[in-house]
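Take a look at the structure set out below.
Residue numbers run from 1 in the order of the sequence given. Just so it is clear, the model here is predicted, and its values are computed rather than measured.
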Amino acid sequence: MKTLIVSGGNIERDFALAFCRKHTFDRIIGVDNGLKFFYENGIAPTHIVGDFDTAKPELLEYYRSLSGVEIRTFNPVKDSTDTQIAIELALELGSSSIVILGGTGSRLDHVLGNLHSMMLAKREGAECMLLDSHNRIRIISENTVVRREEQYGSYVSLIPLTTVVEGVDLIGFRYPLNNHTFTVFESAGLGVSNEITAEEGEIHLRSGVFLLIESRD
């Protein structure tokens, strides 16, 4: 099952709308201020979650008037972010693939929280990626291949999400590595802004977890 989550961060309308038109999802979850994007572009969510502290009350009332939209309201004083709640719902619904739009923006605390919340999907064996017009972000803990013709921009970065990532080989990259150990303390910068020079860039790792970020300026 494929699920789209539209969160309340920076939703780039043209990019998000083009993406929604190109792809089909089994479930569409609106998170708080993500309702505005749905309403303005005639997209019907299947589920809505959040504390709705930023969404306009009339938007929420509009969706309450529709049939077939499940709404889950949470107290603003809670232990989870709205995006985390949406990811948990997607997993509860049986999603094997989750895409998050509106998960980046000016609030770096929210961005970092969203990145860590993606680990919930990773733990359950579901694919999860966070997208904006400049970045495609995934979590990897296994050997991964990025095809140059399919990559999301020119740059590939690997940021340790665990304290240590061991046995890292980079093959087909401008800056290759052989059996390298990344730590969050001293070698995170080594993984930033690499480039694929072969048809495929191979990322091998023995243990640990990376944020895999494909970026374009």
Side-chain angles (χ1 to χ4, degrees), residues 4-7 9-12 14-16 18-19 22-23 81 83-84 87 97-217:
L4 171 67
I5 295 172
V6 178
S7 192
N10 181 27
I11 304 172
E12 302 160 290
D14 291 344
F15 167 78
F19 180 84
K22 183 177 179 181
H23 298 275
T81 66
T83 302
Q84 179 180 334
I87 293 173
S97 176
I98 302 170
V99 177
I100 304 170
L101 301 179
T104 57
S106 59
R107 287 287 301 272
L108 292 182
D109 53 345
H110 281 260
V111 175
L112 289 172
N114 292 340
L115 295 175
H116 280 265
S117 292
M118 291 168 63
M119 279 294 291
L120 297 171
K122 182 66 176 176
R123 184 179 62 188
E124 297 299 321
E127 296 180 353
C128 186
M129 68 175 64
L130 190 155
L131 286 178
D132 62 24
S133 63
H134 294 281
N135 305 281
R136 177 168 64 186
I137 305 172
R138 293 175 281 169
I139 292 176
I140 62 170
S141 59
E142 62 286 309
N143 295 344
T144 302
V145 172
V146 181
R147 293 181 57 82
R148 186 167 61 178
E149 64 180 16
E150 298 173 353
Q151 70 179 111
Y152 202 79
S154 302
Y155 303 105
V156 178
S157 297
L158 294 166
I159 310 297
L161 198 55
T162 50
T163 304
V164 176
V165 183
E166 297 180 306
V168 179
D169 298 331
L170 298 182
I171 303 167
F173 285 85
R174 182 176 299 279
Y175 307 107
L177 289 174
N178 179 38
N179 196 29
H180 186 77
T181 296
F182 281 76
T183 75
V184 296
F185 303 111
E186 58 187 1
S187 61
L190 184 65
V192 175
S193 295
N194 211 331
E195 299 175 60
I196 298 173
T197 55
E199 291 302 310
E200 296 180 341
E202 298 181 36
I203 304 164
H204 299 170
L205 62 154
R206 186 168 64 249
S207 65
V209 180
F210 272 134
L211 281 173
L212 168 59
I213 306 174
E214 300 168 69
S215 301
R216 55 194 179 205
D217 290 328

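- The line from CD1 of Ile137 to CD1 of Ile213 is 5.0 Å long, rounded to the nearest 0.5 Å.
- For Glu166 and Thr181, the side-chain atoms include no donor-acceptor pair closer than 3.5 Å.
- Residues Ile196 and Glu200 approach most closely at CG2-C, 4.0 Å, considering heavy atoms.
- Judged by distance alone, the side chains of Thr104 and Asp132 do bring a donor and an acceptor atom under 3.5 Å apart.
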Legend entry - Worked verdict on Ile98 versus Ile5 for side chain to side chain contact (heavy atoms under 4.5 Å, CB included): CA-CA 7 Å; Ile98 302 170; Ile5 295 172; 3.7 Å; yes
Inset, instruction - Decide side chain to side chain contact (heavy atoms under 4.5 Å, CB included) for Leu205 and Glu142; before the verdict, give the C-alpha distance in whole Å, the side-chain angles of both, and the deciding distance to 0.1 Å. - result: CA-CA 6 Å; Leu205 62 154; Glu142 62 286 309; 5.6 Å; no
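- Judged by the 6.0 Å distance and 45° axis criteria, Arg216 is not positioned over the aromatic ring of Tyr155.
- Atom OG of residue Ser157 and atom CD of residue Glu214 lie 10.0 Å apart, to the nearest 0.5 angstrom.
- Between Leu170 and His204, the closest side-chain pair of non-hydrogen atoms is not below 4.5 Å.
- Only one option out of Val168, Thr183, Leu211, Val184 pairs with Pro160 in a side chain to side chain contact (heavy atoms under 4.5 Å, CB included); it is Val184.
- Enclosure of atom OH in Tyr175 is not indicated, since only 12 or fewer non-hydrogen atoms of other residues, nucleotides or ligands lie within 6.0 angstrom.
- The distance from atom OH of Tyr152 to atom CE of Met129, rounded to the nearest 0.5 Å, is 9.5 Å.
- In this structure, a donor-acceptor pair under 3.5 Å is present between the side chains of Ser7 and Thr83.
- More than 12 non-hydrogen atoms from other residues, nucleotides or ligands lie less than 6.0 angstrom from CD of Gln151.
- Heavy atoms only, all atoms of each residue included: Glu12 and Ser133 are closest at OE2-OG, 2.5 Å.
- Nearest heavy atoms, Ile139 versus Leu115: CD1-O, 3.8 Å.
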Inset, instruction - Verify salt bridge (charged side-chain N to carboxylate O under 4.0 Å, His left out) between Glu150 and Arg136, making sure each step is shown before the conclusion. - result: CA-CA 12 Å; Glu150 298 173 353; Arg136 177 168 64 186; over 6 Å; no
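- Two residues are said to be in side-chain contact when any heavy atoms from C-beta on lie closer than 4.5 Å; Leu101 and Ile11 fail this criterion.
- Residues Met118 and Arg138 approach most closely at CE-CA, 4.1 Å, considering heavy atoms.
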Legend entry - Pair Ile140-Ile203, side chain to side chain contact (heavy atoms under 4.5 Å, CB included): steps then yes or no: CA-CA 10 Å; Ile140 62 170; Ile203 304 164; 4.1 Å; yes
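- Of the possible polar contacts, none joining the Asn178 side chain to the Asp169 backbone as a donor-acceptor pair under 3.5 Å is found.
- Taken from OG in Ser117 to CG in Leu130, the straight-line distance is 10.0 Å, to the nearest 0.5 Å.
- A donor-acceptor pair under 3.5 Å is absent between the side-chain atoms of Glu202 and the main chain of Ile171, judged by distance alone.
- Note that the CG atom of Asp217 and the OG atom of Ser215 stand 8.0 Å from one another [nearest 0.5 Å].
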Inset, instruction - Kindly determine whether Thr162 and Phe182 satisfy side chain to side chain contact (heavy atoms under 4.5 Å, CB included), including the steps that lead there. - result: CA-CA 9 Å; Thr162 50; Phe182 281 76; over 6 Å; no
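- Here CZ of Phe210 is found 10.0 Å from OG1 of Thr144. Values are rounded to the nearest 0.5 Å.
- Between Phe19 and His23, the ring planes lie tilted relative to each other; the angle falls in the 30° to 60° range.
- Shown here for Val165 and Val209, the closest heavy-atom pair between the two residues is CG2-O, 3.5 Å.
- Between the side chain of Asn194 and the backbone N or O of Val156 there is no donor-acceptor pair closer than 3.5 Å.
- When every heavy atom of Ile100 is checked against every heavy atom of Cys128, the shortest pair comes out as CD1-SG, 4.0 Å.
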